[in-house]
**Student:** 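Here it is: the structure, laid out below.
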Amino acid sequence: MLDIQLLRNQIDVVTAALGARGASFDPVVFQALEGERKNLQTRTQELQARRNALSKQIGMLKGKGEDASTVMAEVGGIGDELRANEQALGVLLGRIDAFVAGLPNLPHESVPAGRDESGNVEISRWGTPREFDFEVSDHVDVGSALGGLDFETAVKISGSRFAVMRGEIARLHRALAQLMLDVHTREHGYTEVYVPYLVNAESMFGTGQLPKFEADLFSVPKDDGRFYLIPTAEVPVTNLVRGELLSADALPLKFVSHTPCFRSEAGSYGRDTRGMIRQHQFDKVELVRIEHPDNSWAALEELTGHAEMILRRLDLPYRKIVLCAGDMGFSAAKTYDLEVWLPAQKTYREISSCSCFDAFQARRMQTRFKNAQGKNELVHTLNGSGLAVGRTLVAVLENYQQGDGSVLVPKALVPYMGGLEVLEPRG
RNA sequence: GGAGAGGUGGCAGAGUGGUCGAAUGUACCUGACUCGAAAUCAGGCGUAGGUGCGAGCCUACCGUGGGUUCGAAUCCCACCCUCUCCGCCA
């Protein structure tokens, strides 16, 4: 959520920044709401002040045993107008809240301009895509040759955009998550957390999935409301600190969590329908950081480096791009995507997304810390995939395939595979 | 699922209709004492919003949402959550 003071005091700055993202924002609408709010609020508070003063008088008169009926009659006359004003003000504040809650974050000054992904800028590349002396297969063919990747059965038990993994592929999938967790906890200093996969609406609001993106989420009914299935561990992990007042020396908080993620993928019909690139359910190891505002931009670079480290350990070629203003997610102030080389598609595909949200999520969550001046200040939040496990499996299967249909196990994973070095096709 | 207890400031914990935004303790900040620290003493110390150049003044907030009342932390209703016991269960 944007700072409403910024909207009030520097609306032209906000308008320009939101325009850079391609967000529709009408300053006139906001200013009209604000003007109305000021009037109503002033009037309401005047009435409240009068009622309070008179009521206090009544209390004093009664305390002295004197007659208070004149004052009571006077204050009674305020009642209707006050009630009407309070109600109108409540409605108006609700509308302003909803308006502001629907505005995306402002891009950081270092974010390149651009309307869509064509405006993204490549920052760096690592590794060299391998030369194959045979016809490469995609992960679907590689995986089914190994007898461990099965989409037909998943369709039977659930539907499209699900996968069943068996045997060594299931183990490889698990091994990837283990490697990631171990690297991030042992070498990068993150604390592993296990969190709920069903969360409430407040949590979804806190990280910015609600109210605008309900259609992207799965949910299940719960009493009068509903639980939402997490689309990323970002939601439960970041919300660990929702409503908290942290001490400055508790920062930064660095969490890593391995969870399944559930996405409805509404509106992506026909995209990536083959294989496990785009699934309703996939595993991800997520990095989340709660940072002092002075450190958050350095933390974004560091966090992105932590995600990159996994790709390097797996010796998977990738590139790092910075998303342009128009391609960023709703809550992000700046995002780096890591894209891994997929030989079957002869292209780089997103495998990690690392973002700094500055105070945008913290303001929604009311997560603050006591700063050096003893004042409560909003923290900054960050997160990034480190990495998407399903897509990493895809990348391993494709990049490590051999002409005979077998797949080499990346060296970093061999210990996690009980020493197994090659996955052999099933005759 | 059943029965009971309870949700108040960073934390603990008083307050059951009227000068209560809320005692007290603790934490924290400032000052005194000290070479320094601890201890002690004095003062300060919630959040958000409105208004004013400013000191300030005003409003709202005691789990959430309604209601009663001139006036609600306090009374009523609904909901959420926590704890204890019972039942069930991985």
Side-chain angles (χ1 to χ4, degrees), chain A residues 1-9 11 30-31 33-101 194 196-206 210 219-228 236 239-251 253 290 292 359 362-379:
Chain A
M1 194 144 67
L2 297 179
D3 183 359
I4 193 147
Q5 298 296 355
L6 192 68
L7 279 155
R8 286 173 186 158
N9 302 327
I11 190 132
F30 177 75
Q31 285 173 320
L33 286 169
E34 269 292 292
E36 202 181 331
R37 187 204 107 245
K38 273 196 185 187
N39 286 337
L40 250 181
Q41 184 164 342
T42 306
R43 180 68 188 143
T44 303
Q45 293 189 351
E46 278 170 12
L47 291 169
Q48 286 171 329
R50 226 170 115 225
R51 178 204 60 198
N52 290 347
L54 291 174
S55 291
K56 206 167 256 187
Q57 266 189 44
I58 294 171
M60 284 161 65
L61 289 173
K62 290 205 164 174
K64 289 188 238 160
E66 293 174 21
D67 174 47
S69 54
T70 344
V71 186
M72 285 179 73
E74 192 184 349
V75 78
I78 302 175
D80 284 346
E81 192 190 351
L82 178 58
R83 222 184 315 280
N85 271 281
E86 281 177 336
Q87 204 182 2
L89 182 63
V91 170
L92 186 61
L93 288 176
R95 279 173 62 198
I96 292 174
D97 254 12
F99 183 87
V100 175
Y194 173 86
Y197 305 153
L198 298 174
V199 302
N200 56 33
E202 288 76 17
S203 293
M204 285 295 183
F205 180 86
L210 289 181
S219 66
V220 293
K222 187 241 175 188
D223 302 328
D224 290 338
R226 54 207 315 109
F227 278 135
Y228 292 89
N239 275 280
L240 287 173
V241 294
R242 171 153 53 88
E244 298 289 325
L245 179 59
L246 307 165
S247 70
D249 54 11
L251 301 176
L253 293 168
I290 312 298
H292 190 289
R363 193 171 291 110
R364 292 175 157 249
M365 296 191 301
Q366 279 304 297
T367 302
R368 296 161 305 170
F369 72 101
K370 281 263 185 238
N371 68 17
Q373 289 73 44
K375 285 289 179 190
N376 298 342
E377 186 176 344
L378 295 167
V379 298

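Since we're looking at a predicted model, the values are computed, not measured. Every heavy atom of this structure was used, including side-chain atoms; hydrogens, water molecules and symmetry mates were not. Chain naming here is simple, since letters A, B, ... match the order of the sequence lines and numbering starts at 1 in each.
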**Student:** Students often get this wrong, so: under 4.0 angstrom with heavy atoms, is Lys370(A) touching a base, only sugar-phosphate, or nothing?
**Tutor:** nothing

**Student:** Roughly, in whole Å, what's the span from CD in Glu244(A) to C1' in G10(B)?
**Tutor:** 11 Å

**Student:** In chain order, what residues pass the side chain to side chain contact (heavy atoms under 4.5 Å, CB included) check against Asn39(A), with sequence neighbours excluded?
**Tutor:** none

**Student:** Could you give the distance separating U26(B) and U19(B) at their C1' atoms, to the nearest angstrom?
**Tutor:**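 One C1' to the other, the span is 28 Å.
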
**Student:** With rounding to the closest Å, how many angstrom separate the C1' atoms on G71(B) and U64(B)?
**Tutor:** 23 Å

**Student:** Testing Leu253(A), Val241(A), Thr367(A) for side-chain contact (heavy atoms from CB on, under 4.5 Å) with Val379(A), which one passes?
**Tutor:**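 By the side-chain contact (heavy atoms from CB on, under 4.5 Å) criterion, Val379(A) pairs with just one of Leu253(A), Val241(A), Thr367(A): Thr367(A).
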
**Student:** Are more than 12 heavy atoms, taken from residues, nucleotides or ligands other than Arg8(A), located less than 6.0 Å from that residue's CZ atom?
**Tutor:**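 Yes.
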
**Student:** Measuring only the C1' atom in each nucleotide, how far is A37(B) from G44(B)? A whole number of Å is fine.
**Tutor:**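 The same atom, C1', in both gives a distance of 22 Å.
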
**Student:** Go nucleotide by nucleotide along RNA chain B from the 5' end; which of Ile4(A) and Thr44(A) gets its closest nucleotide reached first?
**Tutor:** Ile4(A)

**Student:** Ring pair (Phe, Tyr, Trp, His ring centres under 6.0 Å) with Phe369(A): which residues, sequence neighbours excluded?
**Tutor:** His292(A)

**Student:** Taking Gln45(A) for the side chain and Thr42(A) for the main chain, is one N or O donor matched with an acceptor at less than 3.5 Å?
**Tutor:**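 Judged by distance alone, no pair lies under 3.5 Å.
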
**Student:** In the 5'-to-3' direction, what one-character label does each nucleotide of nucleotides 60-73 of chain B receive under the scheme B = base within less than 4.0 Å of a protein heavy atom, S = sugar-phosphate only, - = no such atom?
**Tutor:** S---------BS--

**Student:** Send over the distance from Glu377(A) CD to G10(B) P, rounded to a whole Å.
**Tutor:**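 Value for this atom pair: 17 Å.
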
**Student:** How long is the line joining CE of Met365(A) and C1' of U47(B), in whole Å?
**Tutor:**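 Rounded to the whole Å, the gap is 18 Å.
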
**Student:** Test side-chain contact (heavy atoms from CB on, under 4.5 Å) on Val199(A) and Asn239(A); report intermediate values, then the result.
**Tutor:** CA-CA 10 Å; Val199(A) 302; Asn239(A) 275 280; over 6 Å; no

**Student:** Can you check the distance between G1(B) and G65(B), where both ends of the measurement are the C1' atom (answer in whole Å)?
**Tutor:** 26 Å

**Student:** What stems show up for RNA chain B when you take Watson-Crick pairs (N1-N3 plus N6-O4 or O6-N4) and G-U wobbles (N1-O2, O6-N3), both under 3.5 Å, and require three or more consecutive pairs?
**Tutor:**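 The stems are B:1-7 with B:80-86, B:10-12 with B:24-26, B:28-32 with B:40-44, B:46-51 with B:56-61, B:63-67 with B:75-79.
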
**Student:** For G10(B) and U47(B), measure between their P atoms and round to the nearest Å.
**Tutor:**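 Approximately 8 Å lies between the P atom of G10(B) and that of U47(B).
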
**Student:** How long is the line joining CG of Leu92(A) and P of U59(B), in whole Å?
**Tutor:**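 To the nearest whole Å, that distance equals 21 Å.
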
**Student:** On RNA chain B, does the nearest nucleotide to Gln366(A) precede the nearest nucleotide to Arg8(A) from the 5' side, or the other way round? Give the residue.
**Tutor:**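 Result: Gln366(A).
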
**Student:** How close or far is atom P of G49(B) from atom CG of Leu93(A), stated in whole angstroms?
**Tutor:** 12 Å

**Student:** What pairs meet the side chain to side chain donor-acceptor pair (under 3.5 Å) rule with one or both residues in residues 47-59 of chain A, with sequence neighbours excluded?
**Tutor:**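 Applying side chain to side chain donor-acceptor pair (under 3.5 Å) to every pair that reaches into residues 47-59 of chain A, excluding sequence neighbours, yields Gln48(A)-Glu86(A).
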
**Student:** Expressed in angstrom and rounded to an integer, what is the separation of Ile96(A) atom CD1 from A48(B) atom P?
**Tutor:**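 Distance check: Ile96(A) CD1 to A48(B) P gives 18 Å.
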
**Student:** Which whole-number value in Å describes the distance from Arg37(A) CZ to G49(B) P?
**Tutor:** 9 Å

**Student:** Of all the nucleotides listed (U47(B), G10(B), G50(B)), which has the minimum atom distance to the side chain of Leu245(A)?
**Tutor:**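 Ranking U47(B), G10(B), G50(B) by closest atom to the Leu245(A) side chain puts G10(B) first.
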
**Student:** Would you list the protein and nucleotides 25-30 of chain B atom pairs, both N or O, that sit under 3.5 Å from each other?
**Tutor:**
none

**Student:** Does some side-chain heavy atom of Phe99(A) sit less than 4.5 Å from a side-chain heavy atom of Ile4(A)?
**Tutor:** no

